Number of protein chains: 2
Amino acid sequence: MLLSQTGSYAMRAAIHLAERAEEDGAEPVRVGEIAESIGVPRNYLSKVLNQLVRAGVLSSERGPRGGFALAMPADEISMARIVESVETPLLDRRCLLGRPECTDADPCAAHPHWQALADRITSFLEETTLADLRRTGGKR
Amino acid sequence: MLLSQTGSYAMRAAIHLAERAEEDGAEPVRVGEIAESIGVPRNYLSKVLNQLVRAGVLSSERGPRGGFALAMPADEISMARIVESVETPLLDRRCLLGRPECTDADPCAAHPHWQALADRITSFLEETTLADLRRTGGKR
DNA sequence: TGAGTTTATCATATGAATATGCTAAATCCA
DNA sequence: TGGATTTAGCATATTCATATGATAAACTCA
């Protein structure tokens, strides 16, 4: 699996916020609505959203009329930015085999074979934005 | 990370066996040597190797002169086969976002963007064999 | 102001992956 | 045969991601 469970939650929540932003502009969305909509544990999601706030991806307001919203336009938020906010490291590009000491000088056996694909994966995560992932038309 | 820790251990152990097979033919290699060579916990590796034996990727012999060896030529053992032997599932191609109900009829937001890349990752794992990963020349 | 609502934070629980240690079974060889 | 060696298998420990629950802090609005 490319994304952790937490990374998946973060992505789905962000996509939901991108969709809601299209409908209601900058109106904050409450945790309860997001959790129910994407079907994940409410309290845990709350913690994940808070990480996104601290990473500057989301903004939040407390109290009535409070909730979460994207901190910037959807087309400026990449998958990489979201995933990096909640899980570390995003992708071990250095070494597919997980060797801590894998360097160019002493590369692992998979090194040359892995590089090209790792580059594509990284590009995918960096170049795909919430705007790309937002549902257009079709059912919810 | 694309591979789990256990998947990484399995790959590195298999690569080591492929290299040793070139040197000594079908001579079994003991857990101790493999663990020390790739720098992983010996007892845990023992369990991982046993999984590979039960999956038919490795063969094993007990007693003095015993140990582990590839059950077939290195160019017939794909990364996919090894990783699938120790972790499930290899890669959730269905849904990048981890939604359990993600189908063609009701796809997740990332579905079309994810498919092409997932295909490439799958191909990489299926088409790269131990023979490709074996070190040729260079230092150990 | 003060009651109600919502996020923020903390403390803890659960579960799965990872790791360790011991015993059993198989094999070799003197 | 019997002791030594090595994998197989089991039982348990540890660690970390995931999850839950309760309280604190911030905000709204009557």
Side-chain angles (χ1 to χ4, degrees), chain A residues 1-13 17 20 27-36 38-71 83-90 97-98 100, chain B residues 1-13 17 20 27-36 38-71 83-90 92 98 100:
Chain A
M1 187 95 99
L2 197 58
L3 264 48
S4 69
Q5 185 87 312
T6 301
S8 167
Y9 291 173
M11 280 303 309
R12 285 150 69 189
L17 288 175
R20 292 287 268 96
E27 281 296 295
V29 182
R30 293 184 292 272
V31 174
E33 175 188 320
I34 305 173
E36 192 172 352
I38 66 180
V40 308
R42 175 202 172 104
N43 283 350
Y44 188 66
L45 181 63
S46 175
K47 196 176 128 183
V48 174
L49 292 178
N50 182 253
Q51 291 180 266
L52 290 171
V53 169
R54 278 184 287 190
V57 176
L58 301 185
S59 62
S60 64
E61 289 291 337
R62 295 202 247 203
R65 323 272 323 145
F68 297 88
L70 300 184
V83 176
E84 278 166 355
S85 300
V86 298
E87 65 184 42
T88 57
L90 170 57
L97 302 183
Chain B
M1 186 97 101
L2 196 59
L3 264 48
S4 69
Q5 185 87 311
T6 301
S8 166
Y9 291 173
M11 281 302 310
R12 286 150 69 190
L17 287 176
R20 291 287 269 93
E27 281 297 295
V29 181
R30 292 185 293 272
V31 175
E33 173 187 321
I34 305 173
E36 193 172 350
I38 67 179
V40 309
R42 174 201 171 105
N43 283 349
Y44 189 66
L45 182 63
S46 175
K47 197 176 124 181
V48 173
L49 293 178
N50 183 253
Q51 290 180 268
L52 290 171
V53 169
R54 278 182 288 189
V57 176
L58 300 185
S59 62
S60 65
E61 289 292 336
R62 295 201 247 203
R65 322 272 325 145
F68 297 88
L70 300 184
V83 176
E84 279 167 354
S85 300
V86 297
E87 63 185 42
T88 58
L90 171 57
D92 192 345

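This structure is a prediction, so every number in the text was calculated from the model and none was measured. Note on naming: letters A, B, ... go to the chains in the order of the sequence lines (proteins, then strands), and numbering restarts at 1 for each one.
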Is any side-chain heavy atom of A:Tyr9 closer than 4.5 Å to one of A:Leu49?
no

So which atom in B:Arg12 and which in B:Val40 form the shortest heavy-atom distance, rounded to 0.1 Å?
NH2-CG1, 4.0 Å

Are the side chains of B:Leu70 and B:Val57 in touch, meaning some heavy atoms are under 4.5 Å apart?
no

So which heavy atom on A:Val29 is nearest to which on A:Arg20, and how close?
CG2-CB, 4.0 Å

Could you work out how much the helix from C:dT1-D:dA30 to C:dA30-D:dT1 bends, comparing the axis of its first five pairs with that of its last five, to 10°?
0°

Closer than 3.5 angstrom, by distance alone: can the side chain of B:Glu61 be matched with the main-chain N or O of B:Pro28 as a donor-acceptor pair?
no

Contact state string [nucleotides 3-8 of chain D, B base, S sugar-phosphate only, - no protein heavy atom under 4.0 Å]
--BBBS

Please list, in 5' to 3' order, the outermost nucleotides of DNA chain C lying under 4.0 Å from any heavy atom of chain A.
C:dG4 to C:dT9

Charged N to carboxylate O below 4.0 Å: is that the case for B:Glu27 and B:Arg65?
yes

Could you measure the distance from the CE atom of A:Met11 to the CG atom of A:Leu52? Nearest 0.5 Å is fine.
10.0 Å

Mind listing the closest non-hydrogen atom pair of A:Phe68 and A:Leu17 along with its distance?
O-CD2, 3.5 Å

B:Lys47 NZ to D:dT14 P: how many Å, rounded?
16 Å

